[in-house]
Structure formats: C-alpha cells, structure tokens
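All remarks here apply to the structure that follows.
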Amino acid sequence: MAIHPTALVDPNANVDASVEIGPYSVIGPHVSIGEGSVVKSHVVINGHTTIGAHNEIYQFASVGEANQDKKYKGEATQLVIGDHNVIRENATIHRGTIQDEGITRIGDYNLFMASTHVGHDCVVGDNNVLANYVALAGHVKLGNNVILGGYTGVHQFCQVNSYSMCGMGSMVSKDVPMFIMVSGNPAKAHGMNFEGMRRRGVSGDVIKALRQAYKAVYLKGFTLELAIDYIEDGELSLIPEVQSFVQSIRRSTRGIIR
C-alpha cells in the first residue's frame with residue numbers, strides 16, 4: 001500500500017493493499033476502498049463510504065461527508081461508489097438521508113469534473129459526464145450515458161434519463177426524458193441527441209423512428225397523453241428505443257421538460 005507519511009488513514013478503514021493515498025489525505029474509520037484506486041493529495045473521505053476498484057479521486061475532493069440536509073442528525077447513512085470513476089478537484093459527494101433509502105449511489109465509469117456536487121440520496125448510473133460546476137440536488141436520479149454541461153443545476157427529485165444531454169448553464173426543474181437535449185434557464189427541449197446515438201451505432205431506422213416520436217411529443221401540439229397514445233397506437237411502438245423513450249416519460253414524477 002503506497003500511503004504518503006502525511007496521510008491520516010484510520011486503522012479501522014478497509015483499504016486494499018494496492019491503493020495509493022497521497023499527502024495530507026484523510027480516510028475515516030468506516031471507509032472501504034477497492035483495489036487499484038488512487039486517492040491524491042488533500043482528499044477527505046469520510047462516513048460509511050464504500051468505493052470500488054480503480055477509481056481516481058483528485059485533490060481537495062470531499063467524498064462521503066455529512067450531507068447538507070437540515071433534517072440530517074448524524075445517522076449512519078451511506079455513500080456507495082462503483083468502479084473506474086474519476087472524481088476531479090474540489091468535487092463534493094454526500095452520503096444519504098434516512099428520509100430516503102439512506103444511500104447515495106454512484107455507478108461505474110463516470111467523470112465528475114472539477115467542483116461538481118452530488119447531493120444526498122442521488123442515484124447516478126454509468127458512463128456519465130458531469131462538467132465543471134454541475135450540481136445535483138438531493139434525490140436526483142441520473143441514468144446512463146448522460147452529459148451535463150458546465151454549471152448545470154438539477155432540482156431535487158428530478159430524473160435525467162439515459163442518453164440525454166443538458167447544455168451549459170441549464171437549470172433543470174422537471175424530468176428530462178430519454179435521448180432529449182435541453183438547455184436554458186429554465187431548461188427547454190431542443191431536439192434529441194441524435195449525434196450521440198450515431199456515435200454509439202444506433203441505426204438510421206431507429207433514429208428516424210425516434211425523430212417521429214419526438215415530433216409527436218414536442219411539435220404536433222398534442223397534450224402529453226394524446227402524444228403517448230399516438231405513439232403507442234402505431235408502428236413506432238414496435239421500436240425498443242421508442243418504447244424506452246415513452247417509458248421514461250411515464251416514469252416522470254415532476255412532469256417532463258417540453
């Protein structure tokens with residue numbers, strides 16, 4: 001284990017022998033860090049925090065610290081982080097609250113750029129990019145392969161579904177359906193992430209079907225209920241990606257951005 005002599009690692013912490021810990025970092029007693037992870041200088045990892053394998057945590061990040069919910073009274077809530085994540089400078093990721101499931105969850109292969117914030121009880125999937133100064137308020141759910149542009153803010157309890165994209169400075173106060181691109185304050189829809197789909201090998205026929213589904217929801221002047229009926233009553237409903245798009249709308253608890 002490569003631990004710098006100035007680092008403070010509690011003897012009760014469960015740190016794999018392959019982990020590197022840099023100068024002046026502090027690791028609390030209830031922390032677990034998996035193999036191949038690198039904790040650079042001046043990092044604080046606290047609370048009941050479990051970190052998987054091959055993560056990189058950069059200087060001045062605060063991971064697993066007490067959340068900022070005024071109802072929090074020091075309960076033994078958790079932060080669980082998967083594998084192959086990169087957490088850059090000054091990022092803050094807080095543990096959960098007993099008002100929810102008590103766990104903040106981070107998946108695999110995510111990039112949290114400098115000064116990002118993940119609030120209590122958030123659930124973040126896999127392969128997401130949070131650019132500088134992105135802030136997720138408490139209880140936010142982020143899907144997979146989402147891109148959040150710098151300075152994006154996401155309101156409590158919002159869902160930002162997979163393959164969606166939020167432009168720089170977006171203020172998201174409602175749910176973002178799957179594949180949708182939004183921007184602005186308040187955020188508005190500006191098409192689907194078709195270029196991202198092409199890069200991931202989505203076929204032209206599927207993109208064409210999604211384009212028609214987008215028009216039904218956003219451009220034809222239908223109510224949301226009529227738009228969903230229009231999609232589900234036709235051949236569009238046979239396309240799995242269209243089904244996923246519709247399901248992401250049906251899952252919405254706050255209403256969707258339109």
Side-chain angles (χ1 to χ4, degrees), residues 82 84 100-101 103 105-111 118 121-130 134 136-137 139-149 152 154-167 170-184 186-258:
H84 299 281
D100 202 317
E101 295 183 2
I103 304 175
R105 298 183 185 275
I106 308 293
D108 305 329
Y109 293 98
N110 296 289
L111 171 58
V118 178
D121 304 291
C122 286
V123 178
V124 177
D126 304 328
N127 296 296
N128 299 297
V129 177
L130 283 68
V134 165
L136 306 184
H139 313 280
V140 166
K141 290 182 170 58
L142 200 67
N144 304 319
N145 300 288
V146 173
I147 298 175
L148 300 181
T152 292
V154 184
H155 193 278
Q156 293 96 326
F157 296 98
C158 282
Q159 302 176 42
V160 183
N161 285 275
S162 297
Y163 301 100
S164 61
M165 184 173 182
C166 299
S170 299
M171 294 293 107
V172 177
S173 58
K174 292 186 177 182
D175 297 337
V176 182
M178 199 168 182
F179 305 113
I180 293 296
M181 295 193 303
V182 305
S183 65
K188 301 293 184 184
H190 296 282
M192 278 187 166
N193 188 15
F194 295 120
E195 184 57 35
M197 295 181 212
R198 293 187 187 98
R199 292 175 181 176
R200 295 182 177 91
V202 176
S203 72
D205 288 342
V206 169
I207 289 175
K208 181 178 179 181
L210 284 168
R211 195 182 299 275
Q212 293 178 45
Y214 176 86
K215 289 179 179 179
V217 173
Y218 288 94
L219 300 179
K220 287 184 177 291
F222 293 152
T223 64
L224 193 56
E225 292 77 12
L226 285 175
I228 291 175
D229 288 343
Y230 174 85
I231 294 169
E232 292 184 333
D233 288 343
E235 293 184 357
L236 290 176
S237 63
L238 302 177
I239 307 297
E241 288 82 358
V242 174
Q243 294 173 10
S244 296
F245 171 59
V246 171
Q247 288 166 8
S248 72
I249 296 172
R250 289 193 179 281
R251 283 195 303 268
S252 175
T253 58
R254 293 182 55 83
I256 65 166
I257 289 177
R258 295 187 80 182

Quiz item: Taking Q159 for the side chain and R251 for the main chain, is one N or O donor matched with an acceptor at less than 3.5 Å?
Solution: yes
Quiz item: Hey, are the side chains of L136 and V134 touching, using non-hydrogen atoms and a 4.5 Å cut-off?
Solution: yes
Practice problem: Using atom types as modelled and distance alone, determine if a side-chain donor or acceptor of Q243 lies under 3.5 Å from a backbone N or O of S237. | Solution: yes
Quiz item: Given the side-chain rings of F245 and F179, with only the six-membered ring counted for Trp, is the space between their centroids under 6.0 Å?
Solution: no
Quiz item: More than 12 foreign heavy atoms under 6.0 Å from CZ of F222: is that the case here?
Solution: yes
Practice problem: Please assess V176 against I256 for the test side chain to side chain contact (heavy atoms under 4.5 Å, CB included), listing each intermediate value before the final yes or no. | Solution: CA-CA 6 Å; V176 182; I256 65 166; over 6 Å; no
Practice problem: Might you confirm whether atom CD of E101 has over 12 heavy atoms from other residues, nucleotides or ligands at distances under 6.0 Å? | Solution: no
Self-check item: Any donor-acceptor pair under 3.5 Å from Y163 side chain to M197 backbone
Solution: no
Quiz item: Between the side chains of D175 and S252, does any donor sit under 3.5 Å from an acceptor?
Solution: yes
Quiz item: How long is the gap from CD on Q212 to CD1 on I231, to the nearest 0.5 Å?
Solution: 10.0 Å
Quiz item: Which heavy atom of A137 sits nearest a heavy atom of C122, and at what distance?
Solution: O-SG, 3.1 Å
Self-check item: Side-chain (R258) to main-chain (V217) donor-acceptor, under 3.5 angstrom
Solution: yes
Exercise. Working to the nearest 0.5 Å, report the span between CE of M165 and CD1 of I147.
Key: 5.0 Å
Self-check item: Ionic contact status for R250 with E232, cut-off 4.0 Å
Solution: yes
Quiz item: Is a side-chain donor or acceptor of R254 paired with a backbone partner of F157 at a separation under 3.5 angstrom?
Solution: no
Exercise. Compare all side-chain heavy atoms of V129 with those of L148 and state whether any distance is below 4.5 angstrom.
Key: no
Self-check item: Separation between CG of N145 and CG of N161, rounded to the nearest 0.5 Å
Solution: 12.5 Å
Quiz prompt | Rounded distance [0.5 Å steps], NZ in K215 versus OH in Y230 | solution = 9.5 Å
Exercise. Check the surroundings of atom CZ in F194: do more than 12 heavy atoms from other residues, nucleotides or ligands lie under 6.0 Å from it?
Key: yes
Quiz prompt | Value rounded to 0.5 Å, distance of CD1 in I207 from CZ in R198 | solution = 4.5 Å
Self-check item: Heavy-atom closest contact (Y214 atom, G191 atom, distance)
Solution: OH-N, 2.9 Å
Exercise. Kindly give the heavy-atom pair with the smallest separation between D121 and D100, and that separation in Å.
Key: OD1-CB, 3.2 Å
Practice problem: Can you measure from CE (M178) to CG (N144) and round to the nearest 0.5 angstrom? | Solution: 8.0 Å
Quiz item: For S170 and G167, which heavy atoms make the closest approach, and how far apart are they?
Solution: OG-O, 2.5 Å
Quiz item: Where do K188 and H190 come nearest, in terms of heavy atoms and distance?
Solution: O-CD2, 3.0 Å
Quiz item: Under a 4.5 Å cut-off applied to non-hydrogen side-chain atoms, are N193 and I180 in contact?
Solution: no
Quiz item: For the residue pair V160 and C166, what are the closest heavy atoms and their distance?
Solution: CG1-SG, 4.4 Å
Self-check item: The single option from N128, D126, I106 passing side-chain contact (heavy atoms from CB on, under 4.5 Å) against L142
Solution: N128
